[in-house]
Structures are given as structure tokens and as C-alpha cells.
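Naming convention: chains lettered A, B, ... in sequence-line order (proteins, then strands); numbering from 1 in each chain.
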Amino acid sequence: MRSRLASAIESALETMGIREASGDIQIERPNDPGRGDLSSNIAMAAAKRMGGNPRELAGRLKDSIVLDAGFIDRVEVAGPGFLNFAFSKAWLTKQVEIINIEGRDYGRSEIGRGRKVQVEYVSANPTGPLVIVAARAAAVGSALVNILRKTGHEVESEYYLNDAGSQVRKLGVSLMTRFMQRLGQDVPFPEDGYPGGYLVDIAGLIPEEDGRLWLAKAPEESAAAFGEFALDHIIRWIRRDLDGFGVVFDNYFRESALHAAGGGIGETLEIFKSGKAVYEDDGALWFRSTDYGDEKDRVLVRSDGTPTYFLADAAYHLDKFRRGYSRVIDIFGPDHHGHIARLKAAAAVFGAPDGWLDIMTVQWVRLVEDGRQVKMSKRGGEFETLGSLVEDVGSDASKFFFLMRKINAHLDFNLTLARKSSDENPVYYVQYAHARICSVIAFAGEAGVRLPEDMSCVSLLEEPEELELIRNLVIFPHLVEGAAESCEPHRLTGYAQQLAASFHRFYHICRIVSSDERLSQARLLLAEASRIVLAESLGLLGVSAPDRM
RNA sequence: GCCCCCGUAGCUCAGUGGAUAGAGCACCGGUUUCCUAAACCGGGUGUCGCAUGUUCAAGUCAUGCCGGGGGCGCCA
């Protein structure tokens, strides 16, 4: 609808002999609905370019613009030179029909057509259960995947498992210690170990014979054996927790695969070398990432000959590049933001075009209960996990709360509010609207009113609450595109609340099932259109849309 | 010290360079013989952290400062 209006403005400019301003045409929504449904700043922009009075130019534009009265039936000049347009009632009510016909495909867009995108998210180290910030990343990442798919992108989601390196060795030593303690041996817990109680649990699962066998090995092999056992269990937990959260990945990529023979580390190093981006210092191999905008150079191979985490990460991104994605989006936790510059530098060495790698960071989450921050002691190994959060407030409320905020802002997660299954809780407010519609449709069916095949009755819709609801429905496609382009899923939570409010208002004022059958059908179609868009909004967020509550 | 994010109503936060800056919560009051009251309606005096600049137009962009959080390892 915007492009339709934009081209009308463009031809009006052309008839007036103004060519140079057509690139300045912007269509937006006035923040005060009383001004109209769409507005353009073109007169101000063009007047600026050519000199002259914006209001006067707007007036001339208004006279020469040719618009189908079945689309827009009111044009006004306002303020400093805005052109405001109002949809005709016929066009608005027609949209109710369109939504009913398109169903869940309403709002589908082709802006991502031909674009293959990878979204990598969560990717938390498998050295412990997923914590709250990982839950936030999971909610955001999966919603983004849905939104990109809705807009025509071909999307693959991936979890990068850091199942190699010194952290895993530490994990092995920690588990080994727990196992020895289980055997009654008085051994101190390592200073830099993982103190969480979950390792005590895992130690309890080790078959005693196996454990004794591992203990008998050389220290390195011994740590590796315990480490593998721990990884195995923790990865299973992570997948189970994500599953319970309704988050599914297309692919899990293991760092260890990169370290295996022919796994990509060696080749990556060669590419760095042939790009003349490498030098030796102190016995270590360095990447001159400062040439690519990083603040300091980075070690690729330590003086003891082992590759760094960064080299593996670079190899991983080379692998992504070779897989042919037109764009790769990484969602990082707040503790990884220092990696952005060096990874982009690596991508540049590999020959990736500017903007190929897009890294978003999700900021910290504070859990708040009864107005006070919930203490999370990582040192004591006690922390709130994704699994316990879902158990506590449910996955729908968790996701909705995570998705209410911009990702780059710190988030206060109000546990007290999220737990409430009452009107104060925004997620229930939206879900209730959906359930209410299902209930009305069922009630109407019992009363003999069904969704009609012939939808021409929608032209009967004319109450302010009806038209206002339709106005909220028709912005959905544009909203989804905006959320996709900006990678901002949180726009949809705000929209869902606004749409739910608009429906509740309509429901309160306009009785749907009445003795006027045609009007009842029209209102039923409007309710169904609202249900479709609500269900789709919630679906994109990964939140369920219940039929009853 | 350097880098990133944030600073908007009592609280938590929305706000694609546009017109009179919004929502939820909290608080007070009202609405049900009727399709789900988990709903609806009414009640807001904000230095948009401060300053300078860019612009026809700045909460939004740029620079500097102040305040809060985070990151700066041959750990991952």
C-alpha cells in the first residue's frame, strides 16, 4: 500500500515537472491517527531542494495527485507541509476479506527472496547448564529466525558448541575431583574448577568401574575421559532445556570437528598467512587484526604450538563463509563483545563482503523478585538456569518478557509479574484476546452464525472501533518487514499488545453475535482476521496462542 | 586508560529525522439481566542526563562532558 501511494506521488511530481525529488519520497504513519493513515514529507523535502514554500507545493501536489477513491479518499495538507492520506472505508473493510483468505500467510513478504541467512545464537559453553542470559538469546534468536523466514529469507539456525580447549580440560578435572570425593578420597577442589553442584550429580552417574579405570590413566588422558563424560551429559541437558523452551536448532556445530585432522584450523591458518596478515613474536603466531580495525593484534597459535579459541572461531566462520550464506548473523552474549572486531577482521581476510557478518549482542538480564534483585552467586555455583525459569514462569511468559525489550538494553526480568496468571501480565493479556475470539467463534457457531463464503458483508463494518481494529491489522505486514530489516523482534511484542487492546475494545463495544445475521457475519470475519494476525504475531515470537484459558 | 551498551513519567521501558513524546505496572474511581471481567472506561505539570553542533525539522544524527553497566588473557 505504501509503494502504491509512493508511485502516485511520483507521477504527480512528474506531471508538475519535478523530477529530482522523487528519491526523497517517504511514506510514514502519522503518530496521531486523527491526521490520517499515511503521510508524506515530500513537499518539505522538495521545497528544500528547489526552494519555495513547502505548504504551497503540498497544495499543488494535492491537486495534481491522482488516487483511486477506492483506496484513499481524503488528502490534506497539514502542519509545515505534510500531505496526509486516509484510507477509504471500502479499502479498509476489503482487507478483512483479504486476511481471511490469506490466513497465516498474511504478512508474508518477499524482501528476503534469494537471501540465504544463517543465524547463530546461544552457543553457550557446554560446561554447565544454560543460564538466564542464554535463555534471552534463545528467545531472541528463534524469534528472529521466524521473522526472517516470514519475510522470504532462507534461514538456517545453528548452535556452536565449544567442546574443545582448556575449559573442557578444566571441566574434566573438576568432574574427576568430584568423582574422587564420591569415592571418599579427601581431595581439594581445584581453584579454577567449576564448583556447581551439577558436577556432583554427574559424578554420581559415572559407573564406578569406568571411573576407576579413567583415574588410572595418565593425567591428561584421565582429564579428557572425565571431560567427555561431563560434556556428553551437559550437552544433553542443554538440548533438553532448549527443547522445553520450544527452541530448535537446524544444526549443532562442534568446535572439536575443527581441531580434528583436516578440520579447517590448518587451512584457516594458511589463508591468514597468504593474506600476509600474520607475524611471529615471542614464539607465537599473531594476526595483524589492527590492520582491519581491531584495537590490538590477536594470537592465533600459542608459543606452545596450540591454536587459540580465536583461531578455531575464525576457522568456524571460514566454514560458514564457504557454505555460501549471503549473510551471517551471530547473536553474542554480553561477555563476548570484544570478539566482534577480530571476527570481522578475519571475515575480511577471507574475502567476505562488507556487512556479510552481522554481530548482535544481547545484554545482561537481572532477575527481580518483589522489587529486589535475585542474588545469583556464580562463585558458589548457584544460578538460575533456563530450565528452572521455564519451570517457574513457563516458556510463554519467559519468551514474551525477553522479547519485550531491545536486545542491546539490560533487562530487568520481573519474576513476580511473570508468575502472575492475571490481568497485570502482558502475555496473558494477548493470549486472552486470542482465546476470547476462539470462544466467540464457537458461540456463534452454536447460534447458527458461521464464517460466510461470500465475504461482501464486510462492507457493513463502520463503527469507529471496527475501523480502528482494521487499521491495526493492516499495519502487520509492514511491521514484520521492519522487524526483519532491523533485526528487532521486540517490535512484535508491542504490536501484539496494541492489537489485543484494539480487539478487546471492539469486543466490548460491538456485539458480534446479534439478530442481524449479515452484520454478525461481518463482525465474525473481523474477529477471525484478528485471531489470524494475533496467532501469527505470537507464532513469530514463539509464544503459543491458546484456544481457551 | 581504551572500546561497546544504556540514561525518556514514581517503577520497568516503547518511540523507522517529522506535527501536541507514548505503553505497561503501581495508585484512585467507575462498568456485568448480554458472545470469556484474564475485559472495558476515566484520572499524567516529563529540565527526553548536560552542552554545543548538523538540519526546513533532533528524544532520534555528530562531537564533548556527566552518571550506570559490561568488555579489554598466548582463558573459552
Side-chain angles (χ1 to χ4, degrees), chain A residues 26 28-32 35 39 41 44-45 47-48 54 78-82 84 125 127 162 164-168 170 192 255 281-286 294-296 298-310 312-313 333-341 361 363-364 366 368 371 404-414 417 420-433 435-444 446-447 449 478-479 481-482 485-486 488 490-491 493-494 497-498 500-501 503-505 507-509 511-514 520 523-524 527 548-549:
Chain A
Q26 283 173 31
E28 56 200 16
R29 249 163 50 88
N31 45 23
D32 177 359
R35 296 195 176 106
S39 110
N41 63 341
M44 275 122 69
K48 158 87 191 303
F82 289 102
N84 293 335
N125 287 348
T127 52
N162 300 122
S166 63
Q167 300 290 106
V168 174
K170 254 190 249 176
D192 61 349
E255 184 191 349
D281 188 41
D282 261 350
L285 267 184
W286 294 73
D294 198 3
E295 59 186 60
K296 56 174 88 162
R298 308 293 170 181
V299 173
L300 294 166
V301 181
R302 301 186 188 91
S303 45
D304 68 2
T306 58
T308 57
Y309 171 82
F310 168 59
D313 214 1
D335 47 342
H336 274 63
H337 112 261
H339 291 248
I340 296 172
T361 55
Q363 285 298 328
W364 294 110
R366 284 194 314 173
V368 177
M404 281 199 294
R405 307 285 177 240
K406 271 186 303 213
I407 64 161
N408 51 356
H410 293 236
L411 173 73
D412 276 6
F413 193 106
N414 188 335
L417 182 59
K420 284 190 187 167
S421 44
S422 74
D423 53 342
E424 302 133 64
N425 192 333
V427 64
Y428 288 104
Y429 181 81
V430 177
Q431 289 182 317
Y432 178 67
R436 202 176 208 189
I437 296 170
C438 292
S439 160
V440 176
I441 291 173
F443 175 87
E446 284 165 26
V449 182
H478 185 254
L479 201 103
E481 285 186 355
E485 278 166 351
S486 61
E488 292 183 343
H490 79 273
R491 294 188 187 190
T493 48
Q497 290 178 84
Q498 179 188 323
F503 174 78
H504 285 311
R505 221 168 290 132
Y507 177 91
H508 192 255
I509 302 286
R511 169 124 196 136
I512 293 172
V513 182
S514 68
S520 298
R523 287 181 171 166
L524 209 55
R548 66 182 61 179
M549 289 172 73

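Residue His490(A) is in sugar-phosphate contact alone, with no base atom involved, counting any heavy-atom pair closer than 4.0 Å across all strands shown. At the heavy-atom level, Ser303(A) lies under 4.0 Å from base atoms of the strands shown. Residue contacts for His339(A): at a heavy-atom cut-off of 4.0 Å it reaches a base atom on one of the strands shown. Heavy atoms of Ala164(A) sit under 4.0 angstrom from primed sugar atoms or phosphate atoms, though from no base atom. Here Ala78(A) lies in heavy-atom contact (under 4.0 Å) with a base. Arg298(A) comes within contact range of no nucleotide atom at all, as no heavy-atom separation falls under 4.0 Å. His504(A) comes within 4.0 angstrom of the backbone, heavy atoms only, and of no base. Residue contacts for Asp294(A): at a heavy-atom cut-off of 4.0 Å it reaches no nucleic acid atom on any strand shown. No contact: Pro54(A) has no heavy atom under 4.0 Å from any strand. Counting any heavy atom pair closer than 4.0 Å across all strands shown, Ser514(A) reaches no nucleic acid atom. Among the protein residues, Phe310(A) comes within range of no part of the nucleic acid, since none of its heavy atoms lies under 4.0 Å from any strand. Within the 4.0 angstrom heavy-atom criterion, base atoms lie near Asp282(A).
Base pairing annotation: G17(B) forms no Watson-Crick or G-U wobble pair, as no partner gives both donor-acceptor distances under 3.5 Å. C2(B) is paired with G71(B) under the criterion used here, namely a Watson-Crick or G-U wobble arrangement in which both key atom distances are under 3.5 Å.
Taking 4.0 angstrom as the limit, Asn41(A) places none of its side-chain polar atoms (N or O) nearer than this to OP1 or OP2 of A57(B). Between Lys406(A) and G15(B) there is a side-chain N or O to OP1 or OP2 distance below 4.0 Å. Taking side-chain N and O atoms only, Tyr507(A) has no distance below 4.0 Å to OP1 or OP2 of A38(B). Phosphate proximity of A76(B) to Arg302(A): present, with a side-chain N or O under 4.0 Å from OP1 or OP2. Between Asn31(A) and U20(B) there is no side-chain N or O to OP1 or OP2 distance below 4.0 Å.
Ser514(A) OG to Arg511(A) CZ: the interatomic distance, rounded to the nearest 0.5 Å, is 8.0 Å.
Both Ile437(A) and Arg505(A) lie close to RNA chain B; mapped to their nearest nucleotides by heavy-atom distance, the more 5′-ward contact belongs to Ile437(A). In this structure, Pro334(A) and Ala500(A) both approach RNA chain B, and ranking their closest nucleotides by distance from the 5' end singles out Ala500(A).
Spacing of P atoms, G43(B) relative to G22(B), comes out at 13 Å, to the nearest Å.
Evaluation of atom-type donor-acceptor distances gives no pair under 3.5 Å for the side chain of Thr308(A) against the base of C74(B).
Following rounding to the nearest Å, Arg511(A) (CZ) and A39(B) (C1') show an atom-to-atom distance of 15 Å.
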Problem - From CA spacing to verdict: side-chain hydrogen bond (donor to acceptor under 3.5 Å, both in side chains), Thr306(A), Asp304(A) - result: CA-CA 6 Å; Thr306(A) 58; Asp304(A) 68 2; 2.7 Å; yes
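Taking a centre distance below 5.5 Å and an interplanar angle below 30 degrees as the stacking criterion, Phe82(A) stacks against the six-membered base ring of A19(B).
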